[in-house]
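In what follows, a single structure is set out as structure tokens and then discussed.
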Amino acid sequence: MASPRDEQRVRTANEAPLKPLVDAFSVRLPPCSSPSSSASSSPASSPSSSPKSPASTVLVLFPSAALPPNLRVFAFTLVKSNLLNLYLDAQDTGWSDKTKMTELSEPDGRYLIAFNRVVPPLHPSQPPQQAPNEQRQNTPLIITHDQYMPHEHDTPIGYLYYLVCMEDSYDDQDGGMHSDGKAPVIY
């Protein structure tokens, strides 16, 4: 049996607005150097290669309900490509596309999606540009989904999914065979 206090903690965590959480991460990203400036000393670069654009990482926090379908598919595809064999090799689990997509669609789940933002030069002979209206050294570490202004060159490169819930709790006193009640868990 879960304690009312623990159940309240889980409800409070799931009902918390995203903005205060994002504000807690008021750390700023360090300025990025242009890949082309460091590429000139790389043996892999050649004089004929075109200049690369500066890139910045944009981290966006989405509640599950506000996650666009293409980003949910991105998360699912990333999980499947990285973990499918581990699931299939495990003796006590298997893989089900439907089950995994259901897990990734939990209403209380939240996603932190990392986007690589590259702004190509307007013309090949011009230097790469900064993203419009952005000074990378002043870019917040994390923004909420409603602050995010998608850019045509944003590419999702990774994500973190988390969920606060109540789950059966087991201990080793009875060999872990029987539930001891419910406990708050963060996935």
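Computed from a prediction, not measured in an experiment: that's the story for all the values here.
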Test item: [X] side-chain N/O and [Y] main-chain N/O as donor-acceptor pair under 3.5 Å:
{"X": "R72", "Y": "S64", "result": "yes"}
{"X": "R110", "Y": "L160", "result": "no"}
{"X": "N14", "Y": "V164", "result": "yes"}

Is it the case that one hydrophobic cluster holds both [X] and [Y], taking links as side-chain heavy atoms less than 4.5 Å apart, direct or via other members?
{"X": "Y159", "Y": "V73", "result": "no"}
{"X": "Y162", "Y": "L59", "result": "yes"}
{"X": "I157", "Y": "L67", "result": "no"}
{"X": "Y111", "Y": "M149", "result": "no"}

To the closest 0.5 Å, what do you measure between [atom1] ([X]) and [atom2] ([Y])?
{"X": "T77", "Y": "L71", "atom1": "OG1", "atom2": "CG", "result": "11.0 Å"}
{"X": "T155", "Y": "F74", "atom1": "OG1", "atom2": "CZ", "result": "9.5 Å"}
{"X": "R9", "Y": "D6", "atom1": "CZ", "atom2": "CG", "result": "5.5 Å"}
{"X": "L18", "Y": "L61", "atom1": "CG", "atom2": "CG", "result": "4.5 Å"}

Sole candidate of V79, L86, L78 that passes side-chain contact (heavy atoms from CB on, under 4.5 Å) when paired with N82: L78
Sole residue of H151, H153, E152 in side-chain contact (heavy atoms from CB on, under 4.5 Å) with R117: H151
Distance-only donor-acceptor check, side chains Q8 and R5, under 3.5 Å: no
Full working for side chain to side chain contact (heavy atoms under 4.5 Å, CB included) between Y148 and D154: CA-CA 11 Å; Y148 175 58; D154 285 356; 2.6 Å; yes
Stepwise side chain to side chain contact (heavy atoms under 4.5 Å, CB included) check, Y161 with E106: CA-CA 10 Å; Y161 173 77; E106 277 287 328; 3.3 Å; yes
Heavy-atom side-chain contact between F62 and P68 under 4.5 Å: yes
F76 and W95 aromatic ring geometry - parallel, tilted or perpendicular at 30°/60° bounds: tilted
